[in-house]
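Some notes on the structure that comes next.
By convention in this document, chain letters (A, B, ...) are assigned in the order of the sequence lines, proteins followed by strands, and residues within each chain are numbered from 1.
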Amino acid sequence: MIHGSRTPVRYWLFKSEPAAFGIAELKRRKNHTEHWDGVRNFQARNFMRDEMQAGDLGFLYHSSCAEPAIVGIMEIVRPGYPDFTAFDPLEPHYDPKSTLQRPLWYMVDVRLKREFRRPITLRELKTHPALVGMRLLARGNRLSVMPVDRREWDYILRLERR
DNA sequence: GCCAACGTTGGC
DNA sequence: GCCAACGTTGGC
């Protein structure tokens, strides 16, 4: 990349159910890339397909578990490209509406950057007035991939140090 | 284009 | 396991 041409990093949040896939697997494969596949929601797809860039960072969030929490930071190493798991009838997220010629679903590749020194739980996040606007905390939010404001990102990193 | 029915998400 | 919120589907 030519010096100075780099666009500012954007921040994201990725949900995953630790029972299916979580930070344990990512740690085991440190410095290896993972496909963030299986996303079947249009809004989440659009973020991955249209907005994510290599070098962007994302929180890894554990959902649907005893202690929902942000547990680490991932780096996007490859921006949006067709999610090939949608093409395979044997895949759980197979979707016949998505074809090689006209892909419907997209994924990105990520790599674990680091695990948090401590998990920042959903419960804790909710106690901070600085985070009331956070998309994750919005009523009825079900997006599995969403943007995080830089201000919120920085605030949460400071929380981790407490 | 409306909207009821249905399935899924995800915290609790 | 419950249930609110939301997206999708399909009849009309």
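- Looking only at atom types and distance, the side chain of A:Thr85 has a donor-acceptor partner in the side chain of A:Arg40 under 3.5 Å away.
- Side-chain proximity of A:Lys97 to the nucleotides C:dT9, C:dT8, C:dA5 is greatest for C:dT9.
- Between the side chains of A:Asp50 and A:Tyr106, no donor-acceptor pair is found at a separation under 3.5 Å.
- For the pair A:Arg139 CZ and B:dG11 C1', the computed distance is 14 Å after rounding to whole Å.
- A tilted orientation is assigned to the rings of A:Phe47 and A:Trp12, their planes being inclined by 30° to 60°.
- Phosphate contact (OP1/OP2 of B:dG10, side-chain N/O of A:Lys15, threshold under 4.0 Å): present.
- Counting to the nearest Å, the C1' atom of C:dC6 and the CZ atom of A:Arg40 are 19 Å from each other.
- Using a 3.5 Å distance cut-off with no hydrogens or angles, the side chains of A:Asp95 and A:Trp105 do pair a donor with an acceptor.
- Here the side chain of A:Tyr61 is nearest to one of B:dG11, B:dG7, C:dT8, namely B:dG11.
- Between the CG atom of A:Asn41 and the P atom of B:dG7 there is a distance of 19 Å, rounded to whole Å.
- Atom CG of A:Asn141 and atom P of B:dT9 are 13 Å apart (whole Å).
- In this structure, CZ of A:Arg135 is placed 14 Å from P of B:dG10, rounded to the nearest angstrom.
- Among the nucleotides B:dG11, C:dT8, C:dC6, the one closest to any side-chain atom of A:Phe42 is C:dT8.
- For the pair A:Met146 CE and B:dG10 P, the computed distance is 8 Å after rounding to whole Å.
- Computed from coordinates, the A:Leu137 CG to B:dT9 C1' distance equals 16 Å when rounded to whole Å.
- Rounded to whole Å, the distance from CD on A:Gln43 to C1' on C:dG7 is 11 Å.
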